[in-house]
Number of protein chains: 2
Amino acid sequence: MVEERAVEDLTARARIRDAALRLFAERGMDGATIRDIAAEAGVSLGLVRHHFGSKEALRAACDEYASALSRQLLFEATKPTAMSSPSFLPEAHPTIVLLVRYLARSMSDGTAAASAMFDDGVALTEQWIERDHPNQFEDPKAVAVMMAAMHFGPLLMHNLVSAALGTDLLSTEGHIRSTKAYLEIYRHSWLTKDSAEAAKAAYDRLEEGETP
Amino acid sequence: MVEERAVEDLTARARIRDAALRLFAERGMDGATIRDIAAEAGVSLGLVRHHFGSKEALRAACDEYASALSRQLLFEATKPTAMSSPSFLPEAHPTIVLLVRYLARSMSDGTAAASAMFDDGVALTEQWIERDHPNQFEDPKAVAVMMAAMHFGPLLMHNLVSAALGTDLLSTEGHIRSTKAYLEIYRHSWLTKDSAEAAKAAYDRLEEGETP
DNA sequence: CAGTCCGCTGTACGTTCGTATAGGAGGGCG
DNA sequence: CGCCCTCCTATACGAACGTACAGCGGACTG
């Protein structure tokens, strides 16, 4: 289980980090100002600088915190079954919503946290493929990378997905609905053997000479 | 085919828009300044304001341009086969790379262009499902939305995907490799009928009473 | 030829941001 | 008691940004 909050984490330093995490997630790294973060945390402007030195260092602290948390959540999410477990609901872990928003932002800002999370996702997918679906793919690395990116996609676009779905993806209801959609997607056979082999042959030919 | 550039588009106004598109994509909406854009376009600061009025209006113009172009590309990409066509290579359309970068940025900035592109993707996926895989899903809307998000994922994370792959996703080589990975992913049967039904039943139960 | 609109430049203004610094309240220690 | 260290506030400074405005040259019109 994810520990909701450490005891010593109620210090002003932690409050600043939490406020930064929230505002960075909402408005982006440039959009959130130190003044806003200080106000959100209920402290003065100078204290932020006193504890973190600079805005860049504050961002790095948020990154480190988000990295550790996301790693914890990611490993837990892939533990019990191939799909995420039913007990793994947004209600049970309110921090998930904040974390997803922060990491979605970090993804386009190119921070280390996003990069680390993605690499973790790829590594987990690779292990999972090697364990449960070994020797099935010509390019297992590419399959793992693409699948990782495909599974992060809905999380990064959770606002657009929620709007299109009419249900907040990061709610219990949305989680159940999306997971059931995943089940339908992965249960369906999208390609016939013929069409798959034909397409594969076409791309193999394309790969040889650039002019088919 | 995608027209590479309209004739009248060589005006200073178009140069400014192109420069804005490029810098917005690279540095984000806040990171790119009007001064940088003016310098990139080789014009003065005042001319940008003369043509577009404000930075927000310039962003809107970029959005409109990107929307039209992405719609054009999206419909073309899904035209010939279920997967994207071999002729649809980054080499053939250098604008794609810029467009993907811009829209990836827009996705986290929440602009109208990103929203429109996503909705287009969902609509196309819905049509495709209804045409080629009708009456196969309990919740076709959710399937379409999730699949659209899954397919945009690698594009939004193209830099991370490229790093993990060791190949630039937005190059001809990366395009071929990722498409072949897609083929492998959609050809494979990830779930046995038993495990799929068991998971489905578990989530159905979860949906009824919140306490299984 | 005079008038006028359009594309374009250069400079200046007010705001906001990150950063820096001086200083105060409170507790532990010699 | 005196000192200092930690946590914290308040104020100030320089830079960068979006915006605004005055003006200049060329082309087109009458």
Side-chain angles (χ1 to χ4, degrees), chain A residues 5-65 102 105-106 108-113, chain B residues 5-65 102 105-106 108-113:
Chain A
R5 179 84 48 193
V7 214
E8 60 177 22
D9 243 15
L10 295 167
T11 62
R13 191 177 200 277
R15 286 212 318 278
I16 294 172
R17 176 176 42 62
D18 283 2
L21 212 56
R22 184 161 48 249
L23 289 187
F24 280 154
E26 281 177 13
R27 313 178 195 176
M29 215 63 70
D30 290 328
T33 71
I34 298 189
R35 284 169 174 82
D36 291 340
I37 293 171
E40 180 87 2
V43 298
S44 75
L45 170 67
L47 189 60
V48 178
R49 176 167 164 79
H50 172 71
H51 276 303
F52 294 94
S54 72
K55 189 181 187 179
E56 174 60 26
L58 175 58
R59 191 199 58 79
C62 288
D63 249 39
E64 193 177 356
Y65 182 75
Y102 177 81
R105 277 286 182 183
S106 303
S108 33
D109 290 339
T111 73
Chain B
R5 180 83 49 195
V7 219
E8 60 178 24
D9 244 13
L10 295 168
T11 62
R13 191 177 198 279
R15 287 211 318 278
I16 293 173
R17 178 178 38 64
D18 284 2
L21 212 57
R22 184 161 48 249
L23 289 187
F24 281 154
E26 282 177 13
R27 312 179 196 175
M29 215 64 69
D30 290 328
T33 71
I34 298 188
R35 285 170 173 83
D36 291 339
I37 293 171
E40 179 87 1
V43 300
S44 73
L45 171 68
L47 190 60
V48 178
R49 178 168 162 78
H50 173 70
H51 276 303
F52 294 94
S54 72
K55 190 181 188 181
E56 174 60 26
L58 175 57
R59 189 199 60 78
C62 287
D63 249 39
E64 193 177 358
Y65 182 76
Y102 177 81
R105 277 285 184 184
S106 303
S108 34
D109 290 339
T111 73

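Naming: A, B, ... by sequence-line order, numbering from 1 per chain.
For the pair Arg35(A) CZ and dA20(C) C1', the interatomic distance rounds to 12 Å; values are reported in whole Å. When rounded to the nearest whole Å, the span between CG of Leu58(A) and C1' of dG18(C) equals 12 Å. Distance Ile37(A) CD1 to dC17(C) P: 11 Å, rounded to the nearest Å. Atom NE2 of His50(A) is separated from atom P of dG24(C) by 17 Å (rounded to the nearest Å).
At a cut-off of 3.5 Å, with distance as the only test, no side-chain donor of Tyr65(A) or Asp18(A) sits close to an acceptor on the other residue.
A cation-pi contact, defined as under 6.0 Å to the ring centre and within 45° of the axis, is absent between Arg59(B) and Phe52(B).
Across the interface with DNA chain D, nearest-nucleotide mapping of Asp36(B) and Gly53(B) shows Asp36(B) to be the residue nearer the 5′ end.
One distance of note links CG of Leu45(A) with CZ of Arg35(A); it measures 5.0 Å at 0.5 Å rounding.
In this structure, Phe24(A) and Ile37(A) have side chains that are in contact, with non-hydrogen atoms separated by less than 4.5 Å.
When DNA chain D is scanned in the 5' to 3' direction for atoms under 4.0 Å from non-hydrogen atoms of chain B, the outermost contacting nucleotides are dC17(D) to dA20(D).
Closest of all the heavy-atom pairs between Thr33(A) and Lys55(A) is CA-NZ, 4.4 Å.
Checked against salt bridge (charged side-chain N to carboxylate O under 4.0 Å, His left out), Asp36(B) has the following partners two or more places apart in sequence or in another chain: Arg27(B).
The Arg49(A) side chain lies nearest to dT21(C) when the options are dC17(C), dT11(C), dT21(C).
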